[in-house]
Structure formats: structure tokens, C-alpha cells
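These notes are about the structure you will find just below.
Atoms within a ligand are numbered from 1 in the order they appear, just like the ligands themselves. Note that the structure is a prediction, hence the values are computed from the model and not measured. All residue numbers refer to positions in the sequence shown, counting from 1.
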Amino acid sequence: MKFSIIIPIYKEKKNLAKLIFTLSKVLKFKKNNYEIIFVDDDSLDGSQEVYYKNRKKNTRFFVRKNKPRDLSRSVVFGFKRSKYDNLIVMDGDLQHRPSDLKKLIEKYKKDKCDIVIGSRNMKNHKVVNLNLLRFYTSKLLNSVTNFLFNLNLKDPMSGFFIIRKKTFKKCQNKLFLLGYKILLDIVISSSKKIKISETFINFKNREKGFSKMRIKILLQLTYFLIYRYFFR
Ligand SMILES: Nc1nc2c(ncn2[C@@H]2O[C@H](COP(=O)(O)OP(=O)(O)OP(=O)(O)O)[C@@H](O)[C@H]2O)c(=O)[nH]1
Ligand SMILES: [Mg+2]
């Protein structure tokens, strides 16, 4: 089974070399059956230079010049340029561990599902490595989302997942395409019949670079939830 791994990045030059190195090491088990696509939102921080110095086989780097800068749009940009039928999305700041890819891929194969979510275990803030405020905000958002959209997912807000390209194609014209929650956007835009599995992943604090999470992103998310509740 072949996979295209899409990694949206914005000003991640401090994480890029380690990320490329770790991914290529971890993905040895996939032989050449994968590609990695970085979608950089025109960071202009030297990320592109770092990429060209450290790039490996099977990796591509796109600079997305379109405005507005946006994570969801960058992911879809990557999906549209992908070669393979199975798509993986993960963050580019090493908060999602490359070593968890194997687990997600195994679950995806075993369950023969349309989506596998790498879910953060939301039992305890120490397990997820989030500060208390972000931990409880995430928990609350997960509960509200499950309630509003009649879902039963442990982590519908996760940014680490696998999706069948067919599943994406079926819903792509219905997507809201704004903000961080591309997984939730896809789930809400898809038929209730799609099969979704979840598997726990390790999640760790960002070590380098800086967070792009801003109050604006939370406001976008609130608008997204209200809009999609009324116009599904
Ligand atoms: N292409 C693109 N990537 C983005 C954009 N905003 C964030 N990203 C990337 O998306 C991933 C998640 O963004 P983060 O800023 O780490 O958000 P977060 O993980 O919720 O926040 P932290 O826990 O503070 O790191 C990272 O790889 C970012 O570089 C964007 O506008 N465009
Ligand atoms: Mg992050």
C-alpha cells in the first residue's frame, strides 16, 4: 500500500532538518512506497533553503503563494498534488512523532477503514503534554463537537490522520476550508457511512520554533462550528 504524507508548515525552519531525517529513518519499513509533500505557506524564514540542504529521496517541497495563509488549504493543496491513493496528514513541528506512523498505518490496513485518527489520549493533561488551559479547552471542544455533529470520536480535532483519497474526493466540494480543523471539516462533509477508526498517539510539546495558534484561530473555529451546524 502506498502513502502520500502531507505536512503543512509555516516558519518551521528549526524543525525541518530533524523532521526529514527522522521521517526517512522511520519510513525505511515502507521501502519506496511513500512520498512526503511539504506545503510551505511562503514562510520566507529560510525553510526552503533548509529543505534543499537536507532533502531525501521521495520528498517534495511546495511553496504555496495563494492568500490567505491557511493550514486546511495547505493540506488540500498537498492532497491535490499527491501521487498515491492513501493520504497521511501530520504537523511539521515534531509534536506528532514520526515513530507513530507505523501504528497508524497498521490500524488503517487492519480495520480497512476510510479514516484513521491519531488521537491524543485526553485522560490527563500530562499524558497529552498540554498546559491545563489548552487541555481543558481541547476537551470541551471535543465534547461540543461530538454533541453538535452527532459523532463519537475521542479526538475529532486531531491533525494526525490517514484518509483514503477516494473519501477526500467525495467530499472536497463541501469543505469549509478555513483554519486548523481539516479532519473535522472532512468528517462533517462526508457521508455518515464512512468508517473511522482511532488509535492513541504520543503527543509532545513543541521544542523548537513557535506556535501559530492564535486567538484568531479559535475564533475561526467557533465560526466554523456554528456555520457547519446550520449548513452541513
Ligand atoms: N502551510 C501552513 N502551515 C501552517 C499554518 N499554520 C500552522 N501551520 C503548520 O501546521 C502545524 C500545526 O501548527 P502549530 O502552530 O504547531 O499549531 P499547534 O500544534 O496547535 O500549536 P502548538 O501546540 O503551540 O505547537 C505546524 O506544522 C505548523 O507549521 C499555515 O497557515 N499554513
Ligand atoms: Mg504544534
Side-chain angles (χ1 to χ4, degrees), residues 4-20 22-23 36-48 50-51 54 59-82 87-98 100-101 117-122 125-142 145 155-161 175-186 201-222 224:
S4 294
I5 304 170
I6 316 300
I7 308 185
I9 48 172
Y10 184 68
K11 297 196 194 273
E12 295 294 357
K13 77 167 177 194
K14 293 191 175 150
N15 290 307
L16 210 45
K18 184 171 176 192
L19 180 63
I20 295 171
T22 318
L23 280 170
I36 297 171
I37 297 178
F38 291 100
V39 185
D40 180 295
D41 248 338
D42 206 12
S43 297
L44 299 174
D45 67 336
S47 294
Q48 205 171 352
V50 174
Y51 169 76
N54 294 279
T59 59
R60 290 190 279 158
F61 190 96
F62 290 97
V63 177
R64 199 182 78 100
K65 298 260 179 200
N66 298 355
K67 294 287 168 258
R69 165 171 89 73
D70 184 75
L71 194 150
S72 289
R73 288 178 198 209
S74 297
V75 170
V76 169
F77 181 100
F79 282 176
K80 289 186 174 162
R81 280 150 187 84
S82 62
L87 309 168
I88 299 180
V89 180
M90 66 190 294
D91 285 357
D93 58 359
L94 290 158
Q95 281 190 290
H96 296 144
R97 293 188 200 191
D100 278 332
L101 279 167
I117 307 178
S119 300
R120 293 162 295 175
N121 186 344
M122 301 301 275
H125 74 279
K126 289 197 179 120
V127 177
V128 232
N129 269 311
L130 290 175
N131 69 40
L132 273 180
L133 180 67
R134 274 191 75 171
F135 176 75
Y136 284 109
T137 311
S138 283
K139 259 189 112 107
L140 177 71
L141 282 171
N142 283 351
T145 304
D155 196 0
M157 303 283 174
S158 175
F160 196 8
F161 59 96
L175 294 174
F176 185 77
L177 282 187
L178 189 68
Y180 272 36
K181 305 304 171 193
I182 181 67
L183 169 68
L184 181 62
D185 201 0
I186 290 173
I201 51 152
N202 293 308
F203 189 76
K204 60 173 192 169
N205 279 320
R206 174 190 270 283
E207 283 168 9
K208 292 195 174 148
F210 63 96
S211 172
K212 286 93 206 174
M213 175 56 79
R214 299 274 177 281
I215 197 76
K216 183 177 154 204
I217 306 282
L218 283 176
L219 292 176
Q220 273 176 349
L221 176 61
T222 312
F224 165 75

Residue selection (non-hydrogen contact nearest [atom]) among [options]:
| atom | options | value |
| --- | --- | --- |
| atom 2 (C) of ligand 1 | D41, L130, D40, D93 | D41 |
| atom 17 (O) of ligand 1 | F203, Y180, F38 | Y180 |
| atom 26 (C) of ligand 1 | E207, E12, K212 | E12 |

Is [X] salt-bridged to [Y], going by a charged N under 4.0 Å from an acidic O?
| X | Y | result |
| --- | --- | --- |
| K212 | E12 | yes |
| D93 | R206 | yes |
| D155 | R120 | yes |

### Message
Is it the case that ligand 1 has an N or O less than 3.5 angstrom from some N or O of S74?
### Response
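For ligand 1, there is an N or O atom that lies under 3.5 Å from one belonging to S74.
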### Message
Is there a polar contact, in the sense of an N or O pair closer than 3.5 Å, between F210 and ligand 1?
### Response
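No, since none of the N or O atoms of F210 sits under 3.5 Å from an N or O of ligand 1.
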### Query
Under 3.5 Å, is there a donor-acceptor pair between the Y10 and S47 side chains?
no
### Query
Just by distance, with hydrogens left out, do S43 and D40 show a side-chain donor and acceptor under 3.5 Å apart?
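Short answer, yes.
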### Task
Can you label the angle between the F62 ring and the F77 ring as parallel, tilted or perpendicular, going by 30° and 60°?
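It falls in the perpendicular class, over 60°.
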### Query
Non-hydrogen atoms of R134 versus ligand 1: any pair closer than 4.0 Å?
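Within the 4.0 Å threshold, so yes.
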At under 4.0 Å between heavy atoms, which part of [X] makes contact with ligand 1: side chain, backbone, both or neither?
| X | answer |
| --- | --- |
| R69 | both |
| K11 | neither |
| N205 | neither |
| I7 | neither |

When you measure from [atom] to every protein heavy atom, which one gives the shortest distance, and what is it?
| atom | answer |
| --- | --- |
| atom 9 (C) of ligand 1 | P8 O, 3.4 Å |
| atom 19 (O) of ligand 1 | Q95 OE1, 2.8 Å |
| atom 27 (O) of ligand 1 | G92 N, 2.7 Å |
| atom 8 (N) of ligand 1 | L71 CD1, 3.7 Å |
| atom 14 (P) of ligand 1 | R206 NH2, 3.6 Å |

### Query
Can you tell me the angle formed at the Mg ion (ligand 2) by OD2 of D93 and OE1 of Q95, to 10°?
100°
### Task
Go through the steps to decide whether E207 and L94 satisfy the test side-chain contact (heavy atoms from CB on, under 4.5 Å), and finish with yes or no.
CA-CA 8 Å; E207 283 168 9; L94 290 158; over 6 Å; no
### Message
Consider salt bridge (charged side-chain N to carboxylate O under 4.0 Å, His left out). Of R69, K11, R64, K65, which one does D41 pass it with?
### Response
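So, applying the salt bridge (charged side-chain N to carboxylate O under 4.0 Å, His left out) to D41 and each of R69, K11, R64, K65, only R64 qualifies.
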### Query
Which atoms of ligand 1 are found less than 4.0 Å from any heavy atom of S211?
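Counting from 1, the qualifying ligand atoms are 15 (O), 21 (O), 22 (P), 24 (O).
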